[in-house]
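Structure first, then comments.
Everything numeric in this text was worked out from a predicted model, so none of it was measured. Order of the sequence lines fixes the chain letters, A, B, ..., with proteins taken first and strands second; residue numbering starts at 1 for each chain.
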Number of protein chains: 2
Amino acid sequence: MANKKISIKDIAKALGVSITTISFIINGKAEEKRISKEMVKKVEDYVAKVGYRPNHLAQSLRSGKSKVLVLMVEDISNSFFANIARLLEEKAFKNGYKIIYCSTENNTEKAKELIHTFKSRNVDGFIITPTAGLKNEIENLIKEDFAVILFDRWIPDLDCSHVIVENRRSSFEATQHLIENGAKKIVFITVTSDQTQMQDRLAGYLEAVKMAKMSPYVFEEPFHTSTEEFQGDQIKEYLLDHPDADALFFATNYLAFEGLHAIRKLELKIPKDVQVLAFDDHFFFSLYQPSISAIAQPLELIADKLMEGILIQLDDCGKSNSVEFKVELVNQFIQRKSTEFKV
Amino acid sequence: MANKKISIKDIAKALGVSITTISFIINGKAEEKRISKEMVKKVEDYVAKVGYRPNHLAQSLRSGKSKVLVLMVEDISNSFFANIARLLEEKAFKNGYKIIYCSTENNTEKAKELIHTFKSRNVDGFIITPTAGLKNEIENLIKEDFAVILFDRWIPDLDCSHVIVENRRSSFEATQHLIENGAKKIVFITVTSDQTQMQDRLAGYLEAVKMAKMSPYVFEEPFHTSTEEFQGDQIKEYLLDHPDADALFFATNYLAFEGLHAIRKLELKIPKDVQVLAFDDHFFFSLYQPSISAIAQPLELIADKLMEGILIQLDDCGKSNSVEFKVELVNQFIQRKSTEFKV
DNA sequence: TTGAAAGCGCTACCAC
DNA sequence: GTGGTAGCGCTTTCAA
């Protein structure tokens, strides 16, 4: 059991057979290469007996393929990404691929470094939540015929497969919902970011507000992701300055958590004093009291489409660059107590 | 920019220099090998110009090392693991290592398969939340001189480095806290699992209850992890059968979420009707109303110790097996409103 | 039906 | 100071 490592060569020696033959058998090409049944059996038995495992590294080096996909997300501790990761891994596994994840922490330099590392490890494909700074790297990946697919956001002026959701539309409709509920002053709370999904969510809000001839109120926090402290003091200050705000629309769920802290500190009642709504659902929202309305992204479907999109590229290796795989999925609005119609 | 891939050989040809020399320079051995300054400059300039990147795959194949560590957790979408993952990644990066994660989903077969895959990809070390079924695989990893460190739980009868927390003690003290608050019937809610951390948490509870001459009440759900639905109906049934339960101690935070659902459905008041306490803090607990007391594990420290422990093995390559690195860290009890002293 | 051998890109020993 | 070359373990073409 502790035989350091047994290679194809050792087997060849032990069995007095050539390396080639063994390689064929191991790779299921026995039929094709018309190798005798006895030979196959002999080799297979021996392989099973010594517990031989081919060295993937060497296989990759030789073949240029690795059956490994990389998932690069902004922050793996964000529940949206963590869930996508889990779903993707499952699906990849079924298709014979391994997934390895890593977090870019929205650090373009780190992301570049990671991309180079993985490139030189012959991974077959990349699933990425990109930052704008990654445009060149991604372009190169495509040029060099790696399978690439983006999600959550995409990069303008870059022709690349992606899976996103209807950010603008959902945001628009959700805002209208608040308006129908009687909101007069809706504040959109977001972070500074030029990422497309954030821009689209904002756009949807602005559009709905404009259509209702209301004034827009946008509060923008400095960029951060979910992992920081959720104290919400900045939002609290904003609300103190805008005591007549009667609805808050949070661009992400972690912003909503901060907002809930702020609301609590100010002892505001939801939805009586303020309605609350968030983009991107979280199990938390159904448990909080009152429960929080949210726009739920179709996680399972996103993962499905990502696999589908990347497999297309992986399969027809080479001519893939022409493939158009740009998917925009529908979200589901989940109304809960925080936006209940005011009687 | 789109030069498919440029290898060390191409450089050698272009510069009329030998491969060896280039390899030395690239690997910072120019000094040691006393290579002339001009030569170094010539090569470095060219390397920079063409953007040459060494092929890690080939390096690993040759050297047997990869500077990659694998983090295998039960479920990456569980916030505890996701946070550890993020912290570890950061620390690994600083030490020149890459981390790749994967989820075992508590599936021993899948975990074995993953271990084999990574072994044959020459990863340098494994950081694992093991299941009992993994004992053999882990033993082999150690025999084969991979760096290995376990966390969250460990495997009895297996001599392996690990980083865990004081489960039993924290559980004991937390139970006493409930008793001091006047609880007469404390229910410990857990899942069926022989994992050491779960057993220890249970043991701590039992000990404290026994010492107070109270009867233990343990409700055990079938095993599951955080990703399922949080409806809490089983807990609700249990509580209906035990209407006099006046304190609930949840062995994990996701169980607490289920419990909170149940409590809400039963319209019980926290802490008046039932006190609530959970092992493993979650940002949710400080936001929920009333806020929920919890035993917080020292995430940052866990990640630190894991890196420290695995680096020891990585550094003194070979004789590492004798190293004893078994750490048990102290948790922090965070009292919140859900266990406030009853007046 | 099987085998020899080239070579993926790199490291490192040994020679000059 | 610099270069030739033998592999790391595997796939695959070509030959026998």
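- Note on the helix from dT1(C)-dA16(D) to dC16(C)-dG1(D): angle between the axes of the first and last five pairs equals 50°, rounded to 10 degrees.
- Lys65(A) has no side-chain polar atom (N or O) that falls below the 4.0 Å cut-off from OP1 or OP2 of dT11(D).
- Atom CD1 of Ile22(B) and atom P of dG9(C) are 14 Å apart (whole Å).
- At dT11(C), none of the side-chain N or O atoms of Lys29(B) fall inside 4.0 Å of OP1 or OP2 (strictly under the cut-off).
- Regarding contacts with the backbone of dG9(C), every side-chain N or O of Gln59(B) stays at 4.0 angstrom or more from both OP1 and OP2.
- Counting to the nearest Å, the P atom of dC8(D) and the CG atom of Asn55(B) are 18 Å from each other.
- Tyr52(A) has no side-chain polar atom (N or O) that falls below the 4.0 Å cut-off from OP1 or OP2 of dG9(D).
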Checklist entry - What is the per-nucleotide protein-contact pattern of nucleotides 1-7 of chain D, from the 5' end, where B denotes a base atom under 4.0 Å from a protein heavy atom, S denotes such proximity for sugar-phosphate atoms only, and - denotes neither? => result BBBBBBB
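- Applying the side-chain contact (heavy atoms from CB on, under 4.5 Å) rule to Ile164(B) yields the partners Trp154(B), His162(B), Glu328(B); only residues at least two apart in sequence or on another chain are considered.
- A salt bridge is absent between Lys29(A) and Glu32(A): the closest approach of a Lys/Arg side-chain nitrogen to an acidic carboxylate oxygen does not fall below 4.0 angstrom.
- At least one side-chain nitrogen or oxygen of Ser23(B) sits closer than 4.0 Å to the OP1 or OP2 atom of dT11(C).
- Every residue two or more places apart in sequence or in another chain was checked for a salt bridge (Lys or Arg N to Asp or Glu O under 4.0 Å) with Lys67(B), and none qualifies.
- Taking a 4.0 Å limit (strictly below) on heavy-atom distances, residues 112-126 of chain B does not reach DNA chain C anywhere.
- Counting only residues at least two apart or in different chains, ring-ring contact (aromatic ring centres under 6.0 Å, His included) contacts with residues 124-145 of chain B comprise Phe126(B)-Phe146(B).
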